[in-house]
Protein chains: 2
Amino acid sequence: MSQAPGRLTQRDIARLAGVSQTTVSLVLNNRGEAGARIAPETRDRVLQVIRETGYAADPLARRMLNQLNQILGVFTYEPVFPSTSADFYHPFLRGIEESAERSGCDLLLFTSAPVRDGQRRIFHEDNRLRVADGCVLLGREIPSAELSRLVAEDYPFVCVGRRDDADGRPVPYVGADYVNATAQLVERARSLGHRRFAFVGPGTGAESSADRLTGFRRAAGADAPFLSADAPDPAERLARLLEAGVTAVFAEVEAEAVALARAAAAQGLSVPRDLSMVTLGDPTIPVHSSLDFTGFHIPRPQMGQQAVELLVDVLHGQTSVTQRLLDCELTQGETLGPPAA
Amino acid sequence: MSQAPGRLTQRDIARLAGVSQTTVSLVLNNRGEAGARIAPETRDRVLQVIRETGYAADPLARRMLNQLNQILGVFTYEPVFPSTSADFYHPFLRGIEESAERSGCDLLLFTSAPVRDGQRRIFHEDNRLRVADGCVLLGREIPSAELSRLVAEDYPFVCVGRRDDADGRPVPYVGADYVNATAQLVERARSLGHRRFAFVGPGTGAESSADRLTGFRRAAGADAPFLSADAPDPAERLARLLEAGVTAVFAEVEAEAVALARAAAAQGLSVPRDLSMVTLGDPTIPVHSSLDFTGFHIPRPQMGQQAVELLVDVLHGQTSVTQRLLDCELTQGETLGPPAA
DNA sequence: TCCCAGTAGTAATTCGCATTAGCAGCTTGA
DNA sequence: TCAAGCTGCTAATGCGAATTACTACTGGGA
């Protein structure tokens, strides 16, 4: 019915060049020279028509035959261009874009995925994942059901951020080594003389949360206090920490660190003189604070970049290692100092 | 490669239910009741098998039939996710994304377009424009040669931002009415008592520049001073304006307004007491300034949104009006006041 | 003169699904 | 009794591109 006005097909090209559709296809796919049993003269004629018309193969038709289209999908669990959290997601996307450009691929944003229960879902009636050759997945938390299904269907994809196995099968990813970065920060605190550490934050749910807690526990000991930030009042949380004799606090979220620091200031305590404070990664939500926190940087652009590179390798069957962890750079900051004597 | 091994097809379902593929298709598509001449018994049997197997139609195959791929291209003349200028382009893209989501389309970013002469080009060897059903074009300045070719090829596209005709043929766009917004600001200044106005900025090149100058001239008179910001020294430009007796300056670019204001302050002049200053649109480059400029807002998200809507309409042959101008909202600000007596 | 090999192209088929045309078998109606 | 009209299903076709199988032609050697 709704006839696409100008969609050109190989038949059109064939007609214009006075050859068969097969010939057009051969010209396009044996571009090199090997095995192409097409006279140079003919090939040039066909290519000329293609150039003049700007013909490009229908990606759907090609995917029907399991061909690659140089199209990489990008699936985000939040809108790509939001006002909030833009600052956080952007660097990943910048890396993705950069890498896609280098490998000559176009990026397909799956904006068609409808939001359900406040989240986008990959799998829905009419999911168009297969339009892309493969897909990069971006999101703090990715429902494991979706991951399982992707793995089960053998769909080529790479997550940005480490992921747990899905149904016992490894999930391809390029992640940041939060475990190690967190552990290193604890060690740094220890070498400054701290002995009582505490972790404040969710610590569960997303892998990124769990990894930070894991790193903390590894270095601080399994019995070090772990405070989920549920308690409504920062002052109360601070009080509990001080009661426990904690001298160095590791906050998963920068916002929490800021809240605690403020509560401390309200009590006349100063950071880091009376209490050291470390944040575990770049803020997801922009926070206003004059404090230059000690912590680490997440190598976001690199993660995006390498995710695309890995995906391309996977698509070309050029790799068997599908999981990469990148180091985080520790930042000096000014919120970690020796404990009060 | 990416074909899931055990992927079910209607043929499989048909075999399992002991019917033909056609029947399966009919059962699935005439679900309602109209025209479906399938015995309830048969239909139930088919549905049963579908339920048991979890079969889902391949969306690619479906889309093959109704000619539209639901892929909208987005061509930007700069990278989409840069660190600089992100603030300016983002709102457009947010609108585009939002609208694409609503119309169930995916967005294809043409990251594969190579950069030549410091700019991306649509048309290059092997351009993949036609992979998408149509395309949204984003950029301050779009080479008219490219526009001409798009129009000539009858390729469905919509520009964000007004564009001049290409080779005498109208270019589809959703733009902002800079002419009117600028003229209104001049009128506002006039009603405050100003009589000598000046326009500072390129004023030519991109349509967006030209439109502002046009609006300015329309309201201020063709002989009002127009200063291209070429002169290297802001102080010098300021001097020239004051010499000419100008009391209200209309700066195309916020950065220029800031520079002039600074130069004025250096001479002990204050804005708006000694000199009124108006900026014509949101800053393209973030500028640090404590001044809250009088000017207007560009309805960027709306422009992006409507560009997609228009494109979709064009693709469905549902519209003949392919040019839209949106109003800009004037901002009060504090840099426009009555002229010094 | 005939056969084999090589060259340059085309017809036919495939992917998974929707749609159209059509084919049996069973009522009706006159 | 037979054409006309249903009912319930299937064969055939098409979407656009890739691939396989095949054909038509040209030379060269014996």
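Quick caveat: nothing in here was measured; it's all calculated off a predicted structure. The sequence lines fix the lettering, A, B, ..., with proteins before strands; numbering per chain opens at 1.
Residues forming a salt bridge (charged side-chain N to carboxylate O under 4.0 Å, His left out) with A:E146 (at least two apart in sequence, or on another chain): none. Scored by the salt bridge (charged side-chain N to carboxylate O under 4.0 Å, His left out) test, A:R11 finds no partners at all (sequence neighbours excluded).
In this structure, B:M64 places its CE atom 11 Å from P of D:dA18, rounding to the nearest Å. The nearest whole Å value for the distance from the CG atom in B:L8 to the C1' atom in C:dC15 is 15 Å. The CZ atom of B:R62 sits 9 Å away from the P atom of C:dC17 (whole-angstrom rounding). Atom CD of B:E41 is separated from atom P of D:dG8 by 10 Å (rounded to the nearest Å). Spacing between atom CZ of A:R63 and atom P of C:dC15 amounts to 16 Å, rounded to whole angstrom units. In this entry the distance linking CZ of B:R15 with P of D:dC9 reads 19 Å, nearest Å. Going from atom CG of A:L60 over to atom C1' of D:dA18 covers 15 Å, rounded to whole Å. Rounded to whole Å, atom P of C:dC15 lies 14 Å from atom CD of A:Q67.
Distances shown here put every side-chain N or O of B:Y55 at or beyond 4.0 Å from the OP1 or OP2 atom of C:dG16. Applying the 4.0 Å criterion to OP1 and OP2 of D:dC9, one finds that B:T42 has a side-chain N or O inside that range. Checking the phosphate oxygens (OP1, OP2) of C:dT10, a side-chain nitrogen or oxygen of A:S20 falls inside 4.0 Å. Distances shown here put a side-chain N or O of B:T23 below 4.0 Å from the OP1 or OP2 atom of D:dT10. Dashed line: the shortest gap from a side-chain N or O of A:Q10 to OP1 or OP2 of D:dA18 is under 4.0 Å.
A donor atom on one side chain and an acceptor atom on the other are not found under 3.5 Å apart for A:Q48 and A:R45.
A salt bridge does not link A:E207 with A:R162: every distance from a Lys NZ or Arg NE/NH1/NH2 to an Asp or Glu carboxylate oxygen is 4.0 Å or more. Using a 4.0 Å cut-off between a side-chain N of Lys or Arg and a carboxylate O of Asp or Glu, B:E141 and B:R163 do not qualify as a salt bridge.
Side-chain atoms of B:R37 lie closest to D:dC9 of the nucleotides D:dT19, D:dC9, C:dG16. Distances from the side chain of B:S25 to the nucleotides C:dG16, C:dG9, C:dT19 place C:dT19 closest.
Across the helix from C:dT1-D:dA30 to C:dA30-D:dT1, the helix axis at one end is tilted relative to the axis at the other end by 80° (nearest 10 degrees, each axis from five pairs).
For the side-chain contact (heavy atoms from CB on, under 4.5 Å) with B:L137, the lone residue among B:T76, B:V160, B:V158, B:L150 that qualifies is B:L150.
Within the 4.0 angstrom heavy-atom criterion, only backbone atoms of the sugar-phosphate kind lie near A:V19; the bases stay farther away.
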Check: Given the rule in the salt bridge (charged side-chain N to carboxylate O under 4.0 Å, His left out) test, do A:R130 and A:E153 qualify, once you have shown the distances and angles that lead to the verdict?
Finding: CA-CA 11 Å; A:R130 296 203 115 81; A:E153 288 193 3; 3.6 Å; yes

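The base of C:dA11 is not paired with the side chain of A:Q21 by any donor and acceptor separated by under 3.5 Å. The base of C:dA11 is paired with the side chain of A:T22 by a donor and an acceptor separated by under 3.5 Å.
Comparing A:L65 and A:R45 by the nucleotide of DNA chain C whose heavy atom lies nearest to each, the residue mapping closer to the 5' end is A:R45.
In this structure, the separation between CG on A:D106 and CD on A:Q70 is 8.5 Å, given to the nearest 0.5 Å.
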